[in-house]
Amino acid sequence: MGAEALPVTANYNNYCSGGEAPLVLGLQASALVDHVARVDWSLLDQLPGERGGSIPVAIEELEHILGEVKTHIISSPDDSLPMKTIAGGSVANTIRGLSAGFGISCGIIGACGDDEQGQLFVSNMSSHAVSLSRLRMKRGPTAQCVCLVDALGNRTMRPCLSSAVKLHPQADDLTREDFKGCKWLLLRYGIINLEVIQAAILIAKQEGLFVSMDLASFEMVRNFRSPLLQLLESGGIDLCFANEDEATELLRGTEGEQKADPEAALEFLAKHCRWAVVTLGPNGCVAKHGKEIVRVPAIGKAKAVDATGAGDLFASGFLYGLVKGLSLEECCKVGSCSGGSVIRSLGGEVTPENWQWMYKQMQTKGLTLPDIPK
């Protein structure tokens, strides 16, 4: 499989907006397509690994799971399609939400395969006004992930990344020109892309960008804690997002299990980052900036149809607040509104109806609504 860059086609060039640099740049070393379906527990019981987590699989296993999904789907009147196939990945979810729901100029830097999944990723992200001028088109497969959602709305993910095209810092896939003029770099912790992450942080800091990092999954924290701690201790991470499981998993190996609770984890993260946020699912979130600590409850009473993307869209709202200069509490409230919007339907993409729901929630809370171009 060749990894050389392909000639940019005229069709692809239409998707790549040049000109002014995006305010927020998302680093996703491999473009990713999500296959999201609501399934019964019997399928989840067949899969190795813990339910609710994320474990990499080979392409053969991914295709096997997709085949099994057909006989285990739970239909719902809320969803017109039993399975949704959309551009995915934590960073893509966050910047798509920032662009589509909050009107913040966003771009993505990563690698995309020359296959059907790659075209789907390009089409989906560009339709939400995300700049793709920094997306490298390469020969090979695009990464995929099966997102299995149970009857309670919890999701179990099985990504296939090993054979997918990706960025390589040694191949000059990252340049200072990519980062010039941007204000924020968003990334997700992952051991498979550690060299790319380290290189991107170095360039971002040289160009004066803030860096935001999501902790990915409790398995990633558990299995690769040491390089994660090195990243945090380097001082290059300005904002860190963690859910409750990730935060407590991080703390268990550093300060003793007896202190492994969200508040203690928040204090630990805040030692290394200017902003630290721990999301608590239906219990809202806690955040710290400097000496200020806030706790904000979850917004809305809706039952979670699918938790996929909840943390990613929380990050969209929180970052919108930071960009607009809102207070820490207001940032958390906007994050809670946007995180609540995505769990109301299947997949990590917010529907137009649920954006409207979010705007109403923001209005009720006295938060300034984004100025979305018509």
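- Residues H128 and E349 are in side-chain contact: their nearest non-hydrogen atoms beyond the backbone lie under 4.5 Å apart.
- How far CG of D178 is from CG of D173: 9.0 Å, rounded to the nearest 0.5 Å.
- Of the possible polar contacts, one joining the D238 side chain to the V211 backbone as a donor-acceptor pair under 3.5 Å is found.
- In this structure a side-chain-to-backbone donor-acceptor pair under 3.5 Å is missing from K365 to V334.
- Side-chain contact annotation: D40 with H72, donor-acceptor N/O pair under 3.5 Å present.
- The closest side-chain heavy-atom distance from C273 to L239 is not below 4.5 Å.
- Between E207 and K183 there is no salt bridge, since no side-chain nitrogen of the basic residue lies less than 4.0 Å from a carboxylate oxygen of the acidic one.
- Under the 4.5 Å side-chain heavy-atom criterion for grouping Ile, Leu, Val, Met, Phe, Trp and Tyr, M358 is not connected to V296 through any hydrophobic cluster.
- Transitive grouping of hydrophobic side chains (ILVMFWY, heavy atoms separated by less than 4.5 Å) keeps M157 and L47 in distinct clusters.
- A donor-acceptor pair under 3.5 Å is formed between the side chain of R225 and the backbone N or O of E249.
- Note: I104 CD1 to D371 CG = 10.0 Å, rounded to the nearest 0.5 Å.
- Using a cutoff of 4.0 Å between basic side-chain nitrogens and carboxylate oxygens, E267 and K288 are scored as salt-bridged.
- One distance of note links CZ of F224 with OG of S217; it measures 9.5 Å at 0.5 Å rounding.
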* Asked: Given the rule in the side-chain contact (heavy atoms from CB on, under 4.5 Å) test, do V91 and L27 qualify, once you have shown the distances and angles that lead to the verdict?
  -> CA-CA 7 Å; V91 170; L27 173 73; 5.7 Å; no
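- Side chain of E219 to backbone of S54: a donor-acceptor contact under 3.5 angstrom is found.
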* Can L120 and T85 be said to form a side-chain contact (heavy atoms from CB on, under 4.5 Å), step by step? -> CA-CA 9 Å; L120 190 151; T85 300; 3.8 Å; yes
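- Counting only distance, with no hydrogens or angles, the side chain of E233 and the backbone of Q230 share no donor-acceptor pair below 3.5 Å.
- D45 and S42 are not linked by any side-chain donor-acceptor pair at a separation below 3.5 angstrom, with hydrogens and angles left out of the test.
- Side-chain contact between F179 and L174 is present, with heavy atoms from C-beta onward closer than 4.5 Å.
- With a 4.5 Å cut-off on side-chain heavy atoms, L135 and F121 count as touching.
- Shown here is K70, whose NZ atom has no more than 12 heavy atoms of other residues, nucleotides or ligands within 6.0 Å.
- Inter-residue side-chain proximity for F314 and V277 is flagged as met; some heavy-atom pair is nearer than 4.5 Å.
- Note that CG of L232 is 6.5 Å distant from CZ of F268, once rounded to the nearest 0.5 Å.
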* Full working for side-chain hydrogen bond (donor to acceptor under 3.5 Å, both in side chains) between D115 and T142 -> CA-CA 7 Å; D115 55 4; T142 302; 2.7 Å; yes
* Asked: Between L186 and L319, does a side-chain contact (heavy atoms from CB on, under 4.5 Å) hold up when you go through it step by step?
  -> CA-CA 10 Å; L186 311 188; L319 284 158; 3.6 Å; yes
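- Placement of F218 and L231 in two distinct hydrophobic clusters is found when ILVMFWY residues are connected by side-chain heavy-atom separations under 4.5 Å, directly or transitively.
- Atom OG of S341 is separated from atom CG of N354 by 6.5 Å, given to the nearest 0.5 angstrom.
- Looking at every heavy atom in both residues, V286 comes nearest to L266 through O-CD1, 3.8 Å.
- Put simply, the side chain of T248 gets close to the backbone of E244: a donor and an acceptor are under 3.5 Å apart.
- Electrostatic pairing of R188 and D312 does not count as a salt bridge here, judged by no charged N lying under 4.0 Å from a carboxylate O.
- Y189 is connected to I203 through a chain of hydrophobic side-chain contacts under 4.5 Å among Ile, Leu, Val, Met, Phe, Trp and Tyr, so both are in one cluster.
- In the model, T364 has no side-chain atom that pairs as donor or acceptor with a side-chain atom of Q361 under 3.5 Å.
- To the nearest 0.5 Å, atom CD1 of residue I109 and atom OG1 of residue T175 are 6.5 Å apart.
- The main-chain N or O of G335 is found under 3.5 Å from a side-chain atom of S338 such that the two form a donor-acceptor pair.
- In this structure, S99 has no side-chain hydrogen bond (donor to acceptor under 3.5 Å, both in side chains) partners at least two apart in sequence or on a different chain.
- Within the 4.5 Å cutoff, side-chain heavy atoms of V69 are placed close to those of V39.
- Aromatic ring orientation, W355 versus Y359: parallel (interplanar angle below 30°, classes split at 30° and 60°).
- Side-chain contact check for R96 and N124: at least one donor-acceptor pair (N or O, by modelled atom type) lies under 3.5 Å.
- Closest non-hydrogen pair, L280 versus R295, comes out as CD1-NH1, 3.4 Å.
- Summarising the local packing, CD of E195 is surrounded by 12 or fewer heavy atoms from other residues, nucleotides or ligands at distances under 6.0 Å.
- The main-chain N or O of A264 is found under 3.5 Å from a side-chain atom of D261 such that the two form a donor-acceptor pair.
- Across all their heavy atoms, Q28 and S90 have their closest contact at OE1-N, 4.2 Å.
- Counting heavy-atom neighbours within 6.0 Å of E116 CD, excluding the residue itself, gives a total of 12 or less.
- Closest of all the heavy-atom pairs between F210 and K205 is CA-NZ, 4.2 Å.
- With contacts defined as side-chain heavy-atom distances shorter than 4.5 Å, the pair R136/L167 qualifies.
- Listed for the S131 side chain is no donor-acceptor partner under 3.5 Å among the backbone atoms of G107.
- Between K333 and E329, at least one side-chain N (NZ, or NE/NH1/NH2) sits under 4.0 Å from a carboxylate O, which counts as a salt bridge.
- L32 and V342 are not part of a single hydrophobic cluster, where members link through side-chain heavy atoms under 4.5 Å apart.
- Aromatic ring centres of F241 and F318: separated by under 6.0 Å.
- The minimum heavy-atom distance between A298 and P282, with the atom names listed, is CB-O, 3.4 Å.
- Between I55 and P48, the shortest heavy-atom contact is CD1-O, 4.1 Å.
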* Take M220 and L215 through the test side-chain contact (heavy atoms from CB on, under 4.5 Å) and record every step on the way to the result. => CA-CA 8 Å; M220 189 65 69; L215 292 195; over 6 Å; no
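- With hydrogens and angles ignored, the 3.5 Å screen pairs a side-chain donor or acceptor of S30 with a backbone N or O of V165.
- Under the 4.5 Å side-chain criterion, counting only non-hydrogen atoms from C-beta, I192 is in contact with K166.
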